Structure formats: C-alpha cells, structure tokens
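First comes the structure, then the notes that go with it.
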Amino acid sequence: MRREIFSDEHDLFRAQFRRFVTTEIEPHIAEWNAAGITPRAIWKRMGEEGYLGANQPAEYGGAGADFLYDAIVMEELAYHRAHAVQASLHTDICLPYLTSYGTEEQKRRWLVPGIAGECLVAIGMTEPGTGSDLAAVTTRAIRQGDHYVVTGAKTFISNGQNCDLVIVVAKTDPAAEPPHRGISLLLVEAGTPGFVRGRRLAKLGLPGQDTSELFFEGCRVPTENLLGGEGQGFRMLMSQLQQERLCIAVASIASCRRALADTLDYVKQRKAFGKRLAAFQNTQFKLVELATEVEIGQAFVDKLLAAHVRGDDIVSEVSMAKFWTTDLQKRLTSECLQLHGGYGFMNEYPIAGDYADAAVQSIYAGSNEIMKVIVARRLGLD
Ligand SMILES: Cc1cc2nc3c(=O)[nH]c(=O)nc-3n(C[C@H](O)[C@H](O)[C@H](O)COP(=O)(O)OP(=O)(O)OC[C@H]3O[C@@H](n4cnc5c(N)ncnc54)[C@H](O)[C@@H]3O)c2cc1C
C-alpha cells in the first residue's frame with residue numbers, strides 16, 4: 001500500500017540512501033557484527049553524505065528538512081539489518097539535546113562535528129543499579145569551583161566504545177526532594193581524565209553495536225559543559241523521549257517487514273510432503289495474520305510520524321506504538337523462525353538474527369511495561 005506521508009523528494013532521498021546502504025554498509029555488516037563494533041569511518045561517510053543531519057538546522061550543517069527524512073534513514077538501516085550502525089541513537093536521540101538545550105558555544109563545539117560524523121555522541125542514563133527508575137541514578141556531579149566532579153558508573157551504553165561525547169545523567173543535588181529535581185545533564189568528552197570505558201558487553205542480539213560500561217572516577221568536567229540548567233535534566237530527558245520511542249516503533253515495523261518478506265520467499269520455495277510450505281493453510285493463515293498486523297502497525301506509525309512532524313503532543317500514542325510494534329516484532333520473528341524449521345535456528349539464515357535482535361526492542365528506550373505505566377497515568381488510572 002502506498003504510504004501517504006512521503007513526498008516525491010522523500011522517495012528520491014530514500015532511493016539515494018538505499019544505494020548508500022547497499023554499497024557502503026550492507027557488504028560489511030557480517031564483518032562488523034563479528035567485530036562487535038562499527039568502524040568510525042562509516043560515521044564520517046554518513047556525515048559527509050548528509051545522512052546524520054537531515055532534520056538538523058542548516059546553520060549547524062544540517063539540511064533543515066523534516067523528521068521524515070530521518071525516519072527514512074532508520075527504516076532503510078533496519079530493513080537492511082544494519083543494526084550495527086546506531087544512526088538514530090546519534091542523530092535523533094543524542095543530537096537533539098544539543099539542538100534544543102545547547103548554548104551557541106556547545107552547538108559549535110559538538111553539534112556541528114556531530115552532524116558531520118566527526119563527533120559521535122552517546123547518552124548515559126542507565127546504571128548497574130537502576131534503569132527504568134531514572135530518578136534513582138546515583139552518579140554524582142558535585143560542583144567544585146569552575147568544575148563538576150563526576151563519580152559513578154553507567155552500563156549498557158550504546159556507542160560506548162566509539163563515542164567522543166557522552167551526555168551523562170548525574171545528580172548535581174543528590175539530596176533533592178523529589179529526587180528527580182537533583183538531576184542534570186553533563187557533556188563529558190572522551191579523553192577527560194577520570195572518564196574510563198569499561199567492557200564492550202557480549203549480548204544476545206545486535207552484535208555489531210558496542211554496548212558498553214562507562215565509569216567516571218572523580219572526572220573533572222568544566223561547568224560550561226552543563227547542558228541546560230542545574231536540576232533541569234529530568235525535564236529535558238522526558239521531553240526528548242517522545243522522539244526516542246517513535247524511532248524504535250519506526251525501526252521495529254521496518255524490521256518486521258524484512259523478516260516477513262524473507263519468510264514469504266522461503267515458504268514459497270521450501271517443500272514438505274510434496275508441496276510448498278506456502279500451500280499449507282497454517283502457513284497461509286499465520287503469514288496473512290502477521291502481514292495484516294504489519295499494515296495496521298505501519299498505518300499507526302505513519303499517523304504518528306505526521307503528528308510528530310506537526311509538533312503534536314503524542315506521548316501516549318508513541319508509548320502505545322513503542323510497546324505494540326516491538327511486541328509484534330518479537331512475535332513475528334518467532335513465528336517466522338518457526339516457519340523456517342531447523343534452518344530458522346541456524347545463524348546463516350537471517351531470521352535467526354532477527355529473532356535475537358528483536359528481544360531488546362521491548363526493553364530499551366523505556367521498557368514496554370514502563371510504556372504502559374505512562375499510558376495508564378495519562379488515562380487517569382493512578
Ligand atoms: C542493547 C541495549 C542498549 C542500550 N542502550 C542504552 C544507552 O545507550 N543509554 C542508556 O542510558 N541505556 C541504554 N540501555 C539500557 C536500557 O534503557 C535499560 O536496560 C532499560 O531502561 C531497562 O532498565 P533495566 O535494564 O535496569 O531494567 P529494570 O528497570 O531493572 O527492569 C526490569 C524489569 O522490571 C520491569 N519494571 C521496572 N519498573 C517497573 C514498573 N514501575 N512497573 C512495571 N514493571 C516495571 C521492567 O519493565 C523490566 O521488565 C540499553 C540496553 C540495552 C539492552
């Protein structure tokens with residue numbers, strides 16, 4: 001079905017980016033997955049071609065275009081299983097903090113090279129002791145003269161090894177009541193004494209992503225690296241999460257489409273009991289049901305994309321989409337794996353990776369349970 005949110009210019013951009021993915025990314029995915037990390041050069045190439053800043057202001061090197069261009073980048077990367085390149089984390093989750101809250105100096109220093117692919121940005125919220133309950137972070141940033149002294153540990157940080165800059169969620173007022181009022185965001189550069197990268201963590205899926213531990217051991221960060229005001233961190237985080245969760249839903253539906261397309265191909269050629277798997281009613285019903293859900297999900301995501309571009313408050317609906325699409329992705333990849341039989345369990349068949357990669361979608365960017373907590377609150381259920 002033709003999607004109504006995209007113009008001819010969007011379609012042209014998609015064709016151009018798809019060519020880039022098939023020539024410069026897809027041939028290397030297996031190698032990057034095996035290495036557990038993407039080479040920095042690919043970020044530079046993405047930046048050179050303008051794929052990291054479509055939705056960023058032109059005065060800082062972006063294209064000043066609408067968010068749909070970024071959505072196209074997410075969709076194509078997800079469809080081509082290029083999960084190793086966490087472009088949306090950098091462009092749509094991290095850079096907007098600088099665009100929205102950075103001072104002019106901070107923008108020149110990090111946003112401009114960020115859009116160019118020369119400064120890769122990560123965000124450090126999660127800690128070994130807390131993830132969903134963000135207000136309970138224990139990393140501290142205590143002011144001493146013209147510096148903050150940052151002490152604490154972060155874990156599961158995407159782009160953790162590759163990043164040049166981390167937006168660190170820390171308490172500048174650990175005694176604040178309620179606790180979230182003590183949270184601030186600090187921009188910590190790689191190479192700052194006391195900022196130490198820990199292990200690149202072995203994972204069930206997303207093997208090409210350098211999900212890592214980060215440590216801050218009396219790390220002295222200049223006060224000019226404070227983003228927004230002291231105590232404003234939680235508010236800034238909450239206002240950026242709508243876009244983060246929409247990104248997950250966008251990529252999730254694109255991943256569903258790919259797993260479904262490959263499974264349709266597979267069942268049309270594989271035979272059992274003298275006929276193609278596609279001829280069994282069970283296969284047909286399963287795939288028809290999944291294809292229907294993907295269309296429903298796509299229609300919802302497209303409606304949200306259009307609303308997000310308009311600037312509507314769609315926190316509830318995006319939270320619904322995040323849990324619904326990622327639950328669908330987990331179920332769909334499981335059903336598609338089953339239709340591949342034993343081959344579905346073999347790593348040489350991409351559906352095996354799809355199944356493993358899907359598992360985290362309901363956990364990060366706010367777990368699906370937290371999405372339901374948000375919607376419940378907005379429905380007046382607390
Ligand atoms: C591959 C990967 C990449 C990641 N990248 C980043 C990153 O770049 N930056 C970053 O900061 N973090 C990142 N994370 C961390 C991620 O955001 C957290 O794992 C997530 O927020 C959940 O936190 P937790 O793991 O501490 O689980 P917990 O908060 O301990 O939750 C455990 C379970 O309890 C449930 N639960 C918790 N609270 C409630 C509640 N109130 N009601 C009902 N159920 C509840 C959860 O839904 C979950 O099922 C990443 C994680 C992974 C796996």
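Quantities reported herein were computed from a predicted structural model and do not represent experimental measurements. Sequential numbering from 1 along the given sequence is applied to the chain's residues. Counting starts at 1 for both ligands and their atoms, following the listed order. Both backbone and side-chain heavy atoms feed into the values below; hydrogens, waters and symmetry mates do not.
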Please work out which of [options] has its closest non-hydrogen atom nearest to [atom].
{"atom": "atom 5 (N) of ligand 1", "options": "Ser158, Ala365, Cys163, Gly205", "answer": "Ser158"}
{"atom": "atom 31 (O) of ligand 1", "options": "Ala136, Gly160, Ala122, Ser132", "answer": "Ser132"}
{"atom": "atom 26 (O) of ligand 1", "options": "Gly124, Ser212, Gly131", "answer": "Gly131"}

Taking only Lys NZ, Arg NE, NH1 and NH2, and the carboxylate oxygens of Asp or Glu, determine whether [X] and [Y] approach each other closer than 4.0 Å.
{"X": "Glu104", "Y": "Arg108", "value": "yes"}
{"X": "Arg331", "Y": "Glu293", "value": "yes"}
{"X": "Arg14", "Y": "Glu75", "value": "yes"}
{"X": "Lys303", "Y": "Asp312", "value": "no"}

Are [X] and [Y] packed together at the side-chain level, in the sense that at least one heavy-atom pair is separated by less than 4.5 angstrom?
{"X": "Asp210", "Y": "Asn159", "result": "yes"}
{"X": "Val85", "Y": "Trp43", "result": "yes"}
{"X": "His180", "Y": "Leu134", "result": "no"}

**Report entry** Contact bool for atom 33 (C) of ligand 1 (protein heavy atom, d < 4.0 Å)
**Finding:** no
Query raised in the report: Distance below 4.0 Å between atom 53 (C) of ligand 1 and any protein heavy atom?
Result: yes
Could you find the nearest protein heavy atom to [atom] and give me its residue, atom name and distance?
{"atom": "atom 20 (C) of ligand 1", "value": "Ile363 O, 3.5 Å"}
{"atom": "atom 48 (C) of ligand 1", "value": "Glu369 OE1, 4.1 Å"}
{"atom": "atom 15 (C) of ligand 1", "value": "Thr126 OG1, 3.1 Å"}
{"atom": "atom 13 (C) of ligand 1", "value": "Phe156 O, 3.1 Å"}
{"atom": "atom 42 (N) of ligand 1", "value": "Val373 CG2, 3.9 Å"}
{"atom": "atom 1 (C) of ligand 1", "value": "Val360 CG2, 3.8 Å"}
{"atom": "atom 2 (C) of ligand 1", "value": "Tyr364 CD2, 3.6 Å"}
{"atom": "atom 40 (C) of ligand 1", "value": "Ile370 CD1, 3.9 Å"}

**Report entry** Side-chain H-bond candidate by donor/acceptor type, Asp66 with His10, under 3.5 Å
**Finding:**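 Asp66 vs His10: donor-acceptor pair found between side chains.
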Report task. Please determine which of Leu95, Leu98, Leu111 meets the side chain to side chain contact (heavy atoms under 4.5 Å, CB included) test together with Tyr60. Result ->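 The option that passes is Leu111.
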Query raised in the report: Does atom CZ of Arg3 have more than 12 heavy-atom neighbours from other groups under 6.0 Å away?
Result: yes
Query raised in the report: For Ile123 and ligand 1, does the shortest N/O to N/O distance drop below 3.5 Å?
Result: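 Among all N and O atoms of Ile123, at least one is under 3.5 Å from an N or O of ligand 1.
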Query raised in the report: Ser367 to ligand 1: N or O pair under 3.5 Å?
Result: yes
Query raised in the report: Under 30°, 30 to 60°, or over 60°: which ring-plane class applies to Tyr343 and Tyr266, parallel, tilted or perpendicular?
Result: tilted
Requested in this report: Using a strict 4.0 Å cut-off to heavy atoms of Met125, name the atoms of ligand 1 that fall inside it.
Outcome: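 So the answer, numbered in order with elements, is 10 (C), 11 (O).
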Query - Those atoms of ligand 1 less than 4.0 Å from some heavy atom in Ile157 - result: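 Within the 4.0 Å cut-off of Ile157, ligand 1 contributes 7 (C), 8 (O), 9 (N), 10 (C), 11 (O).
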